[in-house]
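Take a look at the structure below.
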There are 2 protein chains.
Amino acid sequence: MSPTRILILGALLDGPMNGYGVRRRLEIMGADQWANVAFGSIYHGLSKMADEGLLDVVEAGKGGKVVYAVNDTGRMEFYRLLMGSWSTVQPIIDPFQVALTFMDRLRKEEIVAALHERRRQLAMNVEATAQAVGAKQRYGAPGHVNENLRLMGAMLQAQLDWVEQAIPRVESDELP
Amino acid sequence: MSPTRILILGALLDGPMNGYGVRRRLEIMGADQWANVAFGSIYHGLSKMADEGLLDVVEAGKGGKVVYAVNDTGRMEFYRLLMGSWSTVQPIIDPFQVALTFMDRLRKEEIVAALHERRRQLAMNVEATAQAVGAKQRYGAPGHVNENLRLMGAMLQAQLDWVEQAIPRVESDELP
DNA sequence: TGACAGCTACTCAAATTTGAATACAAACTT
DNA sequence: AAGTTTGTATTCAAATTTGAGTAGCTGTCA
């Protein structure tokens with residue numbers, strides 16, 4: 001359900017690591033940007049999956065340090081989860097939908113002001129995302145991670161388009 | 001952080017209700033589609049916010065039934081959360097990004113097959129979303145809830161566009 | 001009338017998430 | 001060489017989420 005497991009398993013496919021290593025690997029992938037995986041959850045996920053037999057403890061070092069590796073069971077589970085995420089169109093969770101849902105609780109001027117501010121922020125984000133495409137490789141991320149950025153950029157652009165068509169509609173009292 | 005609180009408070013702005021009422025209200029808004037708020041969380045949120053003084057217990061009926069109402073503190077908190085969600089561009093969480101991130105773990109034919117299947121599903125979803133616009137009012141949802149659907153439709157379209165440009169690129173080994 | 005389906009309404013234990021707090025090591029500064 | 005910042009690495013209690021399970025209520029059809 002949540003992306004935690006698949007992200008951890010996927011990170012470990014690059015070789016045995018400890019929790020901190022998984023964390024950095026996910027940061028390189030940019031997963032910290034779009035997945036809500038707090039680092040505490042990584043440690044929990046690791047020890048849980050080790051209990052369940054998806055991971056092996058390679059090196060239980062002194063002072064708490066533990067290195068994990070995926071075994072065959074874990075690889076199969078990863079593959080299963082991966083196929084699931086390709087074939088199932090799950091809802092896209094956009095925090096802005098909350099704002100939209102309660103649009104009618106604000107006064108017209110508040111909405112217009114908020115929309116202008118949002119347009120500005122979205123334009124910046126679209127820009128930043130375009131810049132980031134290409135800047136990732138240097139940090140050891142595989143090239144197709146750019147596709148993530150491109151897709152994210154397209155989503156942001158869709159938001160921006162929505163905001164721009166919404167401004168005149170609110171001004172003319174068509175909305176809300 | 002999570003949308004639970006603001007959704008509960010927003011639902012209660014329409015008048016005092018019990019937990020089940022909040023749940024139905026959110027379903028009418030379509031919030032069950034894009035927010036991950038399990039109904040258990042509604043009951044937890046209600047009693048927590050009552051403890052914190054954001055809600056008043058209007059009627060502690062027999063057999064567990066409890067009706068809550070927002071008070072002024074709760075209204076202020078709602079407004080605060082709402083302004084936050086308008087002005088802050090938070091990352092859009094799309095479960096497909098996980099699939100994309102680990103694209104290189106599948107064989108070319110698997111990717112192509114998955115992309116075709118996904119294109120089909122996305123086209124259906126785009127269609128269904130377009131149909132749903134307009135079908136909501138009858139159930140007592142405010143008109144601007146349609147904007148939610150429109151925005152969601154635009155996001156799905158962006159996904160579909162990505163998939164369509166990706167297919168030839170995978171076939172020609174440009175990806176991954 | 002009573003039996004069955006479906007809606008209303010919630011509880012609760014288990015699982016997961018969260019991020020502040022902790023600790024030690026390496027690099028840098030003075 | 002002692003002190004300071006930065007990076008590595010994890011733990012843990014508290015908060016939240018989850019959804020199966022439970023139970024009453026209402027209509028309806030035989």
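These figures come from a predicted structure and were not determined experimentally. All values below come from the heavy atoms of this structure, side chains included, with hydrogens, waters and symmetry mates left out. Convention: sequence-line order gives letters A, B, ...; per-chain numbering from 1.
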What is the distance, rounded to the nearest whole Å, between atom CG of B:Asp32 and atom C1' of D:dG19?
15 Å

What is the distance, to the nearest angstrom, from the OH atom on B:Tyr43 to the C1' atom on C:dA13?
18 Å

Are side-chain heavy atoms of B:Phe39 and B:Tyr20 found at a separation under 4.5 Å?
no

Answer yes if A:Val126 and A:Ile167 sit in the same cluster of Ile, Leu, Val, Met, Phe, Trp and Tyr residues linked by side chain heavy atoms under 4.5 Å apart, and no otherwise.
yes

To the side chain of B:Tyr20, which of D:dA15, D:dT8, C:dT8 is closest?
C:dT8

Send over the distance from B:Ile8 CD1 to D:dT16 C1', rounded to a whole Å.
11 Å

Looking at B:Asp56 and B:Arg75, is any side-chain nitrogen of the basic one under 4.0 Å from a carboxylate oxygen of the acidic one?
no

d(CD1, A:Ile93; P, D:dT17) in whole Å:
12 Å

Criterion side chain to side chain contact (heavy atoms under 4.5 Å, CB included) against A:Leu46, the qualifying member of A:Val66, A:Leu12, A:Asn18:
A:Leu12

Candidate nucleotides C:dT18, C:dT16, D:dT17, ranked by approach to the side chain of A:His44 - the nearest:
C:dT16

For A:Arg23 and D:dA9, what is the distance between atoms CZ and C1' respectively, to the nearest whole Å?
9 Å

Shortest side-chain distance from A:Ser41, nucleotide among C:dA9, C:dT17, D:dT10:
C:dT17

A:Asn36 atom CG is separated from D:dT16 atom P, nearest whole Å, by 15 Å

At under 4.0 Å between heavy atoms, what does A:Arg24 touch on the DNA or RNA strands: base, sugar-phosphate, or nothing?
sugar-phosphate

Counting heavy atoms from C-beta on, name the nucleotide in C:dA15, C:dC10, C:dT18 closest to the side chain of B:Phe39.
C:dC10

Rounded to whole Å, how long is the line connecting atom CG of B:Leu46 with atom C1' of D:dT17?
15 Å

For the pair B:Glu27 and B:Arg24, find out whether any cationic side-chain nitrogen is under 4.0 Å from an anionic carboxylate oxygen.
no

Tell me whether the side-chain N/O atoms of A:Thr4 come closer than 4.0 Å to OP1 or OP2 in C:dT16.
no

Out of C:dT16, D:dA15, D:dT17, which has the shortest distance to the side chain of B:Ser2?
D:dT17

Rounded interatomic separation in angstrom, taking NZ from B:Lys65 and P from C:dA9
5 Å

Could you say whether A:Gly19 or B:Glu52 is positioned toward the 5' end of DNA chain D, judged by the nucleotide with the nearest heavy atom to each?
A:Gly19

Could you tell me whether A:Gly40 contacts a base, only the sugar-phosphate backbone, or nothing, with contacts defined as non-hydrogen atoms closer than 4.0 Å?
base

Per A:Asn18 side chain, nearest of listed nucleotides D:dA9, C:dC10, D:dT16
D:dA9

B:Lys48 side chain near D:dA15 phosphate (N/O to OP1/OP2, under 4.0 Å)
no

